[in-house]
Amino acid sequence: MTSDFYTNIFDVVRLIPTGRATSYGAIAKYLGAAKSSRVVGWAMNQSHTLKDKIPAHRVVNRLGMLSGKMHFETPNTMKERLESEGIKVKKDQIKNWKTVFWDPNIELDFD
DNA sequence: CTCTTGACTGGTT
DNA sequence: GAACCAGCCAAGA
C-alpha cells in the first residue's frame with residue numbers, strides 16, 4: 001500500500017537514536033525513493049497531526065540545517081530539543097553533522 | 001481537474 | 001562557491 005511509505009518514514013524517524021539525526025534524503029533513499037525527499041518533508045509536516053508524535057527534530061536536510069524549525073511549536077523548539085539530546089546547533093545548523101549523522105542505510109543496513 | 005507550493009536533492013552554470 | 005535549474009511526489013486552492 002502506498003500509505004506504507006508514510007508509515008515507514010515515521011517508523012524510521014522513531015528509530016533514530018537519541019543524540020543522532022538524519023536527513024530527509026537518507027530516509028527517502030532507505031525507503032527506495034531517493035527522489036521523493038520532498039515527500040519525506042511533507043510527511044514530517046503531517047507528523048504533528050499524528051497521535052504519536054515523532055522526533056521530527058532529528059530530521060534535517062542533507063546539510064544538517066534546521067530547515068523545518070519554523071514548523072514546530074516555536075522556531076526554537078527544534079534547536080532546544082536537539083541541544084537537549086546533546087546535539088550542538090550553531091546558527092540553525094548542526095555542528096559535527098558528519099558525526100551525529102545517522103544513516104539508516106548503514107545503521108539499519110539492508111536485509 | 002489544473003496550477004501552485006513545499007520540513008529536498010543533485011547537477012550545471 | 002554561490003546561484004540557478006530540473007526532477008520528484010503529495011496536498012491545498
Engineer: For nucleotides 11-13 of chain C, tabulate all protein N/O to nucleotide N/O atom pairs closer than 3.5 Å, reporting atom names and distance.
Structural biologist:
{"residue": "C:dA11", "atom": "O4'", "partner": "A:Trp42", "partner atom": "NE1", "Å": "3.1"}

Engineer: Starting from C1' on B:dT9, measure out to OH on A:Tyr30 and report it in whole angstrom.
Structural biologist: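 Rounded to the whole Å, the gap is 21 Å.
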Engineer: Which nucleotide sits closest to the side chain of A:Arg38: B:dA7, B:dC8, C:dC9?
Structural biologist: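 The answer is B:dC8.
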Engineer: Nearest-Å distance, CG (A:Asn45) to P (B:dT5)?
Structural biologist: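 Spelled out: CG on A:Asn45 to P on B:dT5 is 16 Å.
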Engineer: Report the distance from atom CD1 of A:Ile9 to atom P of B:dC8, rounded to the nearest whole Å.
Structural biologist: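 Atom-to-atom, A:Ile9 to B:dC8, this comes out as 13 Å.
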Engineer: Taking CG from A:Asp103 and P from B:dT9, how many angstroms apart are they, rounded to a whole number?
Structural biologist: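 Answer to the nearest Å: 12 Å.
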Engineer: Closest approach of A:Ser37 and A:Tyr24, non-hydrogen atoms and distance?
Structural biologist: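 Smallest interatomic distance, heavy atoms only, reads O-CB, 3.9 Å.
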Engineer: Could you please spell out the steps behind the side-chain contact (heavy atoms from CB on, under 4.5 Å) verdict for A:Asp103 and A:Tyr30?
Structural biologist: CA-CA 9 Å; A:Asp103 191 347; A:Tyr30 177 71; over 6 Å; no
Engineer: Over all heavy atoms of both residues, which pair between A:Phe72 and A:Thr77 is shortest? Give the atoms and the distance, please.
Structural biologist: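 Here A:Phe72 and A:Thr77 meet closest at CB-CB, 3.8 Å.
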Engineer: When the distance from CD1 of A:Ile94 to C1' of B:dA7 is rounded to whole Å, what number comes out?
Structural biologist: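 Those two atoms, CD1 and C1', are 13 Å apart.
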Engineer: Using a distance-only criterion (donor-acceptor N/O pair, under 3.5 Å, no hydrogens), is the base of C:dC9 paired with the side chain of A:Ser36?
Structural biologist: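 No.
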Engineer: Counting any heavy atom closer than 4.0 Å, what does A:Ser23 reach on the DNA or RNA strands: base, sugar-phosphate only, or nothing?
Structural biologist: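 The answer is sugar-phosphate, as A:Ser23 gets under 4.0 Å only of primed atoms, P, OP1 or OP2.
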Engineer: What about A:Met65 and A:Met44, same hydrophobic cluster or not, with Ile/Leu/Val/Met/Phe/Trp/Tyr joined at side-chain heavy-atom distances under 4.5 Å?
Structural biologist: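 No.
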Engineer: Round to the nearest Å and state the distance from A:Gln93 atom CD to B:dA7 atom C1'.
Structural biologist: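 Interatomic distance, CD of A:Gln93 to C1' of B:dA7: 16 Å.
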Engineer: Does the pair A:Met78 and A:Val60 meet the rule for a side-chain contact (heavy atoms from CB on, under 4.5 Å), with working shown?
Structural biologist: CA-CA 10 Å; A:Met78 193 171 188; A:Val60 296; 3.6 Å; yes
Engineer: Could you state the CD1-C1' distance from A:Ile16 to B:dA7, rounded to the nearest angstrom?
Structural biologist: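 Interatomic distance, CD1 of A:Ile16 to C1' of B:dA7: 13 Å.
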Engineer: Compare every heavy atom of A:Pro104 with every heavy atom of A:Thr22, then report the nearest pair and how far apart it is.
Structural biologist: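 Here A:Thr22 and A:Pro104 meet closest at OG1-CD, 3.6 Å.
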Engineer: Closest approach of A:Phe10 and A:Ser47, non-hydrogen atoms and distance?
Structural biologist: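 Scanning both residues completely, I find the closest heavy atoms to be CE2-CB, 4.0 Å.
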Engineer: Check the hydrophobic clustering (I, L, V, M, F, W, Y; side-chain heavy atoms under 4.5 Å; chains of links allowed) and say if A:Leu82 and A:Met70 are grouped together.
Structural biologist: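 Different clusters.
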Engineer: Measure CG/A:Asn105 against C1'/B:dT9 and give the value in whole Å, please.
Structural biologist: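 Taking CG of A:Asn105 and C1' of B:dT9, I get 14 Å after rounding.
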Engineer: Looking only at heavy atoms, which two atoms of A:Phe5 and A:Ser36 are closest? And how far apart?
Structural biologist: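 The pair with the smallest heavy-atom distance is CZ-CB, 4.2 Å.
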Engineer: Using a heavy-atom distance cut-off of less than 4.0 Å, which residues of residues 60-80 of chain A contact DNA chain B?
Structural biologist: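 Per residue number, the list reads A:Asn61, A:Arg62, A:Ser67, A:Gly68, A:His71, A:Phe72.
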